[in-house]
Asker: 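To start, I am sharing the structure in question, which I have written as structure tokens.
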Amino acid sequence: MRSLDTWINNKRSRETPVKKIEINDIRKERVDTPPPVKKSGRRENNVPIGNVGYVIENKGNGGVEPGGVYILLSADYDPQNEKVYLKFYDINREKIVLWYDVTGHRPYAYSKEDPEALRNHPEIIKLAEKIIDLRREKKHDTINDVEIEVTKIIVKDPLVIGGTRSSLREKITLWEADIKYYANYIFDMGFQVGGYYTLESADSIPKPLDIKDPPEIKKYIEKIDDPEIKRWIKILSMDIPNYKRIALDIEVYNPPGIMPQVEDPKYPIFMASLRGSDGLKKVIVHDLRNEIKEDKLKHDDFEIEIVKSEEELIKRVLEIVQEYPIVITFNGDKFDLPYIRKRGELLGIPNISGLIKLGRNDARVSWGIHIDLYELFKNISIKTYAFSNAYDIVSLDTVARALLGKGKVSMDKTFQEATMEEILKYSYVDAELTYELTEFNHNLVMRLVTMISRIANMTIDDVCRLSISNWIKNRLIYEHRRHNYLIPLPQEIAGKGGRKHLEPITKGKKYVGAIVIEPVPGIHFNVHVVDFASLYPSIMKEFNISYETVNCPHVRCRENKVPGSTTWICTQRKGLISEFVGAIRDVRVLVFKKLARDKGLPIEKRKFYEVAQGSLKVFINAMYGVIGAETFPFYYLPAAEAITLLGRYAITTSIEKAREKGLEVIYGDTDSLFIKNPDPQRLKEFMGEIEKKLRLKLEIDKIYRYVVLSNRKKNYFGVLTDGGIDVKGLLGKKSSTPPFIKNIFYEVLEILKGINSYEEFNQAKEKIQDIIVNAEKKLRAGEVPLEELAISVTLSKPLRAYTKTTPQHVKAARKLERVLGIEVQPGTIIRIIKTKDRDGAAPLELVKSIREVDTNKYVELLKSTLEQILEVLDIDLEKLRIDREYRSLDKFFNF
DNA sequence: AACTGTGGCTTGCTTG
DNA sequence: CAAGCAAGCCACAGTT
């Protein structure tokens, strides 16, 4: 880690090292006298109550200290004091400090009525007491590209604008009325979440610290002219500290088979495990069966603390976690934290409601920040882009196995049956894994959420709980504010007009997507795959795609048509969305991707830049998707279609050009071309010409030693020049395929991997035949365990939502509920076995004997899975059919 | 009334 | 986000 002192470019800090700055006298004086409390506000002990610039000092929560070095991580609104407060991480004291607004900033929204009209409006009159001001303001109307005058309605509290049934936004048309107040505050004040700040005096506004650029970054900043890009480089290259944090996990003494419910917390908490970044490893236990003997108290892996009651346990846990600014849980939003609070309330623990704050779907802690890893890992962008689908089900066990290579301690006994010692171990490992998920790979997860906070300019709490479309929305709102643009209503964007030009290929879709080239079936050697480097984001950048620039109001732009449509694109103004994609794309490609691969840098730094470029990639990849999603506030169908139309144009133009040059295109999908055995010179020329013509860069993505194509699109496999194997779309790869068949599939692939020429295929055929004949024998002889035959299918809706058809997994799930009383929710993976009964399938749990299995179905499934690779290799499965004796054996089992 | 074949449709999973 | 695949459901028509 580089030392902070060396790169904080603050004069005062350099003269006197940061850590030694003395506490300002003013602050000391103030902290001794508690700040005045508003009459309406109730005061409880230990509850931080804000006033001007500082808070009451309590455990784990310090007041803002002038001269300190802070990172802005979060914010919230305090309704009692009617102020926004910011949560800063103090990097020296390793605490969260709260800073309450000192500017008198108030909530507001905009109306297009003039102030006079509004003053006479009955709804405004009704709320007159709570309205502070109606002020005329100039804003830029992005859709019509003109300056307009709007009225800023400034109010006393955010609920006047929105959040209740009687709020103003429910009564009259308002603009910018659904932005969270604390987010508004951050935008208006120009705060950068994840940025460094200091405070000059207790009641001043936090001032950005000018951070000295690391030497490797300097080179880039000097080279780049665009101030916008420079700003991005600076923000994203600032160091992220190893946050002091603690993982928490509780155990509830519930009867066998009954899950503890937050709504009805009737069973006691008897154990809590803690794992801190400072090395704390502790399990606190209320030994309700009195079985832990003094001599057993020692444990190699963690410290055991025995308490006499549940009340003592909760108090002790709260005492410890308050020492940590960041609390990590796995499912703490919906379980651990609300459960602790509710049990605490039942036991009459004072002030627990001030420490754990429950939202509708989340739980926050007053002295710091709570990160629920379950919510984070569930996030589809985190799952697919950041962790490339390394885990599929989101549970502590599966995520830890995938990312840490180790899982939970298995426990097949109930708490009643297990010894305390066993439960201790089990419980501790949960906290340990939870902590390690934030620490592995150089604190990747903590760095990732901070980096995303910076890009979205969104609080860490929100980043961990909201989806990518919210991250992007947040950043775009901020960009509107920076440009003084009024944010249009979704219906205004939709009302711009413009039309759809091509019917979607798939029924029920809103607009056309990409082109997939008809594959040439066969085995092809030496295939070069060229593709457009991030095609859709590049199109968005290069062709100025944004909701306001597609079908813009300028007459002279109407000539600038998207090929094959009447849609035109603005040539006068840069689109906001286009600008944002362009900037983060450039920053990623020109700076952070290079730094992440710079072998001259120490591994720690490279890992850091890897997180930066990876976070940027998450945003870049999602930009096209959100503009085509109706739920996105800047959704505009003609803009989404313009992107795909330009993509179609790029790929068709490239195919034509390639064929003109005598290059053989055998397949392609969306942004790629598979070129068979190309002449290197011609390939190079071709790529250059395309880039010149389309302003889109083509690159060689990979080279296959050989690739096997069938007549199916999105279905192929290939062996790369380095021996690696690519399997795309084939049945054998699908998560629903039974393990037994999957294994056979991969065994066959393993054989194909070594092949270099046509001749070698014939030898491989023999081996493959053996494998298949054996597999079928095993199946028919009933030698395959049921587990290996299970077909795993996700239940994606609640059971009652399947009204049109009843698929097999839904039938099975209903049976599970009826017969075993197992609760199934959306997201549950149902494992079914194909059976010979009327339904044709049953849940794995209810199949008792191998004799119920419909062997023929499995042979069929094996056949269709393997056929996808074998038909091209000219291996005829029918010829491999097993001798009559096995068929008769099968018959024997049937009767 | 029971069976068979067909095609449209639903569902889930993958590719880019 | 759309394109595309496999598998099964289900209504319907035609046959037995």
Side-chain angles (χ1 to χ4, degrees), chain A residues 380-381 384-385 388-389 392 467-469 472 500 502-519 529 531-537 539-540 545 620-632 635-637 639-645 647-648 650-651 667-674 701 710-717 726-738 741 791-797 799 801-813 826-830 832 834 838-841 854 857 860-861 863-865 867-868:
Chain A
I380 194 78
S381 314
T384 47
Y385 294 122
S388 33
N389 279 320
D392 41 8
S467 66
I468 179 94
S469 86
I472 295 172
K500 176 172 76 180
L502 289 180
E503 268 315 303
I505 309 290
T506 320
K507 233 172 112 178
K509 299 290 177 193
K510 299 188 294 282
Y511 59 92
V512 270
I515 290 176
V516 185
I517 301 165
E518 200 66 51
V529 179
D531 70 356
F532 288 103
S534 43
L535 179 65
Y536 287 174
I539 288 175
M540 295 175 83
I545 306 283
I620 293 163
N621 283 335
M623 289 304 296
Y624 151 70
V626 296
I627 209 169
E630 276 159 322
T631 50
F632 186 63
Y635 163 75
Y636 184 46
L637 194 147
E641 198 201 45
I643 299 167
T644 56
L645 287 180
R648 293 170 84 97
I651 198 92
Y667 180 61
D669 185 351
T670 312
D671 59 356
S672 65
L673 293 179
F674 286 47
D701 178 30
S710 68
N711 51 7
R712 287 176 275 267
K713 295 170 173 178
K714 296 184 188 279
N715 264 258
Y716 62 90
F717 77 93
D726 256 1
V727 183
K728 302 287 181 180
L730 302 183
L731 270 173
K733 203 191 176 184
K734 293 209 171 185
S735 59
S736 47
T737 304
I741 294 178
I791 298 169
S792 308
V793 188
T794 313
L795 188 75
S796 49
K797 301 187 282 190
L799 276 182
Y802 290 87
T803 50
K804 287 170 177 155
T805 58
T806 313
Q808 294 183 334
H809 70 290
V810 176
K811 272 190 198 120
T828 311
I829 291 174
I830 311 287
I832 58 173
K834 295 277 186 185
R838 204 162 40 85
D839 284 346
D854 186 348
K857 268 270 181 264
E860 280 304 307
L861 197 55
K863 200 181 120 184
S864 51
T865 303
E867 216 158 47
Q868 291 192 332

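Per chain, numbering begins at 1; letters A, B, ... match sequence-line order.
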Asker: Expressed in angstrom and rounded to an integer, what is the separation of A/E867 atom CD from C/dC5 atom C1'?
Answerer: 15 Å
Asker: Distance check needed: C/dC1 C1' versus A/I620 CD1, whole Å only.
Answerer: 17 Å
Asker: Just the rounded figure in Å: distance from C1' of C/dG8 to CG of A/D839.
Answerer: 13 Å
Asker: When you measure from the side-chain N and O atoms of A/T506 to the phosphate of C/dG4, is any distance below 4.0 Å, counting only OP1 and OP2?
Answerer: no
Asker: Considering only NZ, NE, NH1 and NH2 on the basic side and carboxylate oxygens on the acidic side, decide whether A/K714 and A/D669 come within less than 4.0 Å.
Answerer: yes
Asker: Surrounding NZ of A/K797 (heavy atoms of other residues, nucleotides or ligands, distance under 6.0 Å), is the total greater than 12?
Answerer: yes
Asker: Using atom CG of A/N621 as one end and atom C1' of C/dA2 as the other, report the distance to the nearest whole Å.
Answerer: 16 Å
Asker: Could you check whether A/E518 gets within reach of a base, just the sugar-phosphate, or nothing at all, counting any heavy atom under 4.0 Å?
Answerer: nothing
Asker: What contact category does A/V512 fall into here, base, sugar-phosphate, or nothing, at under 4.0 angstrom with non-hydrogen atoms?
Answerer: sugar-phosphate
Asker: By the 4.0 Å heavy-atom rule, please label A/T644 as base, sugar-phosphate, or nothing.
Answerer: nothing
Asker: Checking all strands, does A/L861 fall into the base, sugar-phosphate, or nothing category for heavy-atom contacts under 4.0 angstrom?
Answerer: sugar-phosphate
Asker: Rounded to whole angstroms, how far apart are NZ on A/K811 and C1' on C/dA7?
Answerer: 13 Å
Asker: Specify the closest pair of heavy atoms between A/L730 and A/Y716, including all atoms of both residues, with the distance to one decimal.
Answerer: CD2-N, 3.9 Å
Asker: Specify the closest pair of heavy atoms between A/I472 and A/M623, including all atoms of both residues, with the distance to one decimal.
Answerer: CD1-SD, 3.6 Å
Asker: So what does A/A640 hit on the nucleic acid, given a heavy-atom distance under 4.0 Å: a base, only sugar-phosphate, or nothing?
Answerer: nothing
Asker: Just how far, in rounded Å, is P of C/dC5 from CD of A/Q868?
Answerer: 10 Å
Asker: Heavy atoms under 4.0 Å is the rule here; annotate nucleotides 3-16 of chain B 5' to 3' with B where the base is hit, S where only the sugar-phosphate is, and - elsewhere.
Answerer: ------SSSBBSBS
Asker: Could you tell me which non-hydrogen atom of A/T670 sits nearest to which non-hydrogen atom of A/I651, and how far apart they are?
Answerer: O-CD1, 3.7 Å
Asker: How close do A/A514 and A/Y536 get, heavy atom to heavy atom, and via which atoms?
Answerer: CB-OH, 3.6 Å
Asker: Looking for any heavy atom pair under 4.0 Å, which part of the strands does A/I643 touch: base, sugar-phosphate only, or nothing?
Answerer: nothing
Asker: For the pair made of CG in A/L731 and P in C/dG8, what is the distance, rounded to whole Å?
Answerer: 11 Å
Asker: Determine: side-chain N/O of A/R648 to OP1/OP2 of C/dA2, distance under 4.0 Å, yes or no.
Answerer: no
Asker: Using a cut-off of less than 4.0 Å, is there contact between a side-chain N or O of A/T865 and OP1 or OP2 of C/dA6?
Answerer: no
Asker: How long is the line joining CZ of A/F632 and P of C/dA2, in whole Å?
Answerer: 15 Å
Asker: State, to 0.1 Å, how close A/T384 and A/I380 come at their nearest heavy-atom pair, and which atoms those are.
Answerer: OG1-O, 2.6 Å
Asker: With a cut-off of 6.0 Å (strictly less than), are more than 12 heavy atoms of other residues, nucleotides or ligands near NZ of A/K857?
Answerer: no
Asker: For A/T631 and for A/Q808, locate the closest nucleotide of DNA chain C by heavy-atom distance; then report the residue assigned to the nucleotide nearer the 5' terminus.
Answerer: A/T631
